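Heavy atoms only: backbone and side chains are in, while hydrogens, waters and symmetry mates are out. Everything quoted here is computed from the prediction, not taken from an experiment. Below, chains carry the letters A, B, ... as their sequence lines are ordered, and counting in each starts from 1.
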2 protein chains.
Amino acid sequence: MLEGKFDEASLLKKIVDSIKDSVKLCNFNCTEHGITVQAVDDSRVLLVSLLVGQSAFSEYRCDRDITLGIDLESFSKIIKCGNNEDYLTLLAEDSPDNVMTIFEDKKKERVSEYSLKLMDIDSEFLKIDDMDYDTVINMPSAEFAKIVRDLKNLSESLTIIVTKDSVKFTSEGESGTGSVVLKPFTDMDKPEESVKVALSMPVNLTFGLKYLGDIIKATGLSGVITIKLADKTPALFEYKLDAGGYLRFYLAPKFDEDD
Amino acid sequence: MLEGKFDEASLLKKIVDSIKDSVKLCNFNCTEHGITVQAVDDSRVLLVSLLVGQSAFSEYRCDRDITLGIDLESFSKIIKCGNNEDYLTLLAEDSPDNVMTIFEDKKKERVSEYSLKLMDIDSEFLKIDDMDYDTVINMPSAEFAKIVRDLKNLSESLTIIVTKDSVKFTSEGESGTGSVVLKPFTDMDKPEESVKVALSMPVNLTFGLKYLGDIIKATGLSGVITIKLADKTPALFEYKLDAGGYLRFYLAPKFDEDD
DNA sequence: CCCGAGTGGT
DNA sequence: ACCACTCGGG
């Protein structure tokens, strides 16, 4: 039996909103340590890997491993039925047909319950190797989101060029080109505002803005995004959950014609 | 001759917006006491009853009873031509072909006038009996609206079950079910937030969510909705106008198959 | 009274 | 999935 209670419904709402535009159906794998999801988007280009750690719940109990095959669109509708600050509890039996979502107002004068029918979804559970990356960037997630949104107007690809002392995002399109250059710096007062670059080798990689546009839907999950890059290797875009866990997106770079 | 002046055009705008999705054409019956409207929606299931009391106007005069047959869609377009905080005056002759809508900026630097052609609309004026109801619920109108919006995602019907110490709203659909349970309580500081139940007999009634969806368009008119229920009797959903008057919707419950 | 967020419609 | 409108907050 699974019983997981969030102190704020908004956390689960943000998580689901962060992935539901990439992935329509996915399995929630519940274990004693928390809930994980792994899924690829419809075009099989973007890999989503979520861990909601046990510590992200105010109460959590999962005696035996349980898989919940969920239609994220329906689930998202249910989650919107709560208020952000409500308690949210997920309940499921050991071999469930349904998952129950319960909202409780903190004044306890209102309780709403929604039952969602589960689906059988087959998915290979992908083993993701810990890679060595040439470059790791930490930056404010909102700033990254704005760059992606802005440059999406110009073309379909975004190139990220990292050198020892700068990160450059550029996009070239029909009607013009655009670029944003960031210098690493540390804001002592607001560390979240810092831009940090750890680099063992310069990189120059190009990504599809369509997928980056999906990735930045997760901006609300964390003030900081970590981007790990290496030549000819899927890039890792990571949002850490304050409460414990992460949402990671793996996206292969576009290859140059002369490769 | 009718001359009715609203201190804020927004009041009339809210009123018209509250009913124009239920009713396309209706008679505005103007008497010395104010303006009333009674109409049924196209499917003749939902009855709308409006009273804009004389006190809701900053100036009001109506020597003889006048009937204004109005196309609400056109009227709504006219009303949107003013600013919310403008004065709005309705003018009509004793046997009018037109009604004039006049907006005045409060600084008196702008006056706009719109004339709307009237229509001949036949409508039985329905005598609505004062019913005895088994249950009266008072609750925040916004909360009722959210429940209707949320449960509308699940199915086409909403069941309201009232007992001595709870009000339960439930809906069952293909992909899942949902329910919201409210406990009556009184908020001393914000009485509008209270949920009150006066019950002489428990009720269990089912309504079409389509119509409830129309009813909650009136949410802006009042912070509180009063719902009066009795078995096999049209339910009354009432929004009181702060300035004097009310907007009431009468909706027959769906009947069980075994009735 | 303006702005941002949430919601409903195309 | 995107855009426009409406509503609530500053």
Side-chain angles (χ1 to χ4, degrees), chain A residues 8-25 41-43 45-46 48 71-86 103 141-142 145-146 148-154 156 208-221, chain B residues 7-22 73 76-77 79-87 103 105-107 109-110 140-154 156 178 190 192-193 209-225 239 242:
Chain A
E8 305 262 318
S10 58
L11 175 56
L12 186 60
K13 185 166 156 187
K14 282 183 197 166
I15 289 169
V16 171
D17 284 348
S18 295
I19 60 178
K20 77 166 207 295
D21 291 327
S22 313
V23 173
K24 301 262 164 291
L25 308 175
D41 83 309
D42 297 338
S43 58
V45 171
L46 185 64
V48 176
D71 169 40
L72 286 177
E73 175 128 17
S74 307
F75 194 41
S76 169
K77 276 184 192 162
I78 286 177
I79 292 173
K80 288 195 210 313
C81 298
N83 295 313
N84 286 334
E85 61 282 7
D86 287 350
F103 300 99
S141 59
K146 176 155 175 60
V148 170
R149 261 186 275 115
D150 290 349
L151 297 183
K152 201 148 71 136
N153 295 324
L154 300 176
E156 309 207 319
L209 274 165
K210 172 184 188 302
Y211 302 104
L212 296 173
D214 285 335
I215 290 171
I216 61 172
K217 302 260 162 74
T219 301
L221 282 179
Chain B
D7 202 53
E8 305 261 317
S10 58
L11 175 56
L12 186 59
K13 186 167 157 188
K14 280 184 199 166
I15 290 169
V16 171
D17 285 348
S18 295
I19 60 177
K20 76 167 206 294
D21 291 324
S22 312
E73 175 126 17
S76 169
K77 278 183 191 157
I79 292 173
K80 287 197 210 315
C81 297
N83 295 314
N84 286 335
E85 59 282 9
D86 289 350
Y87 296 116
F103 300 100
D105 189 88
K106 281 187 172 150
K107 297 180 212 140
E109 274 131 6
R110 177 178 39 75
S141 58
E143 195 164 351
F144 180 68
K146 179 161 172 57
I147 291 168
V148 170
R149 261 187 275 115
D150 289 347
L151 296 183
K152 201 146 73 132
N153 292 325
L154 300 177
E156 309 207 319
K190 301 175 186 169
E192 290 210 334
E193 296 295 311
L209 275 164
K210 173 184 188 302
Y211 302 105
L212 296 173
D214 285 335
I215 290 171
I216 62 172
K217 301 263 162 72
T219 302
L221 282 179
S222 170
V224 174
I225 183 172
Y239 298 86
D242 292 336

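The structure places CG of A/Leu46 at 11.0 Å from CD1 of A/Ile19, a figure rounded to the nearest 0.5 Å. Considering CD1 of B/Ile216 and CG of B/Leu212, their distance stands at 8.0 Å, rounded to 0.5 Å.
Look at CG on B/Asn83: it is 16 Å from C1' on D/dT6, rounded to the nearest Å.
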Are any protein N/O atoms closer than 3.5 Å to N/O atoms in nucleotides 1-3 of chain D? If there are, list each pair with its distance.
unit_1	atom_1	unit_2	atom_2	d
D/dA1	OP2	A/Asp21	OD1	3.4

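Salt-bridge annotation for B/Asp86 and B/Lys13: absent, with no side-chain N of the basic residue lying under 4.0 Å from a carboxylate O of the acidic one. Here B/Lys106 pairs with B/Glu8 in a salt bridge; the nearest charged N to carboxylate O distance falls below 4.0 Å.
Remark on DNA chain C: of its neighbouring residues B/Arg149 and B/Glu85, the 5'-side contact belongs to B/Glu85, judged by nearest-heavy-atom nucleotide.
Here the side chains of B/Asp17 and B/Lys80 are in contact, with some heavy-atom distance below 4.5 Å. Annotation: side chain of A/Asn83 is in contact with side chain of B/Lys146 (closest heavy-atom distance under 4.5 Å). B/Phe144 has its side chain out of reach of B/Thr219: every pair of non-hydrogen atoms, C-beta onward, lies at least 4.5 Å apart.
Taking a heavy-atom distance under 4.0 Å as the criterion, the stretch of DNA chain C touched by chain B extends 5' to 3' from C/dC1 to C/dG8.
Evaluation of the side chain to side chain contact (heavy atoms under 4.5 Å, CB included) rule for A/Asp71 yields A/Leu25, A/Glu73, A/Ser74, A/Met119 as partners, not counting sequence neighbours.
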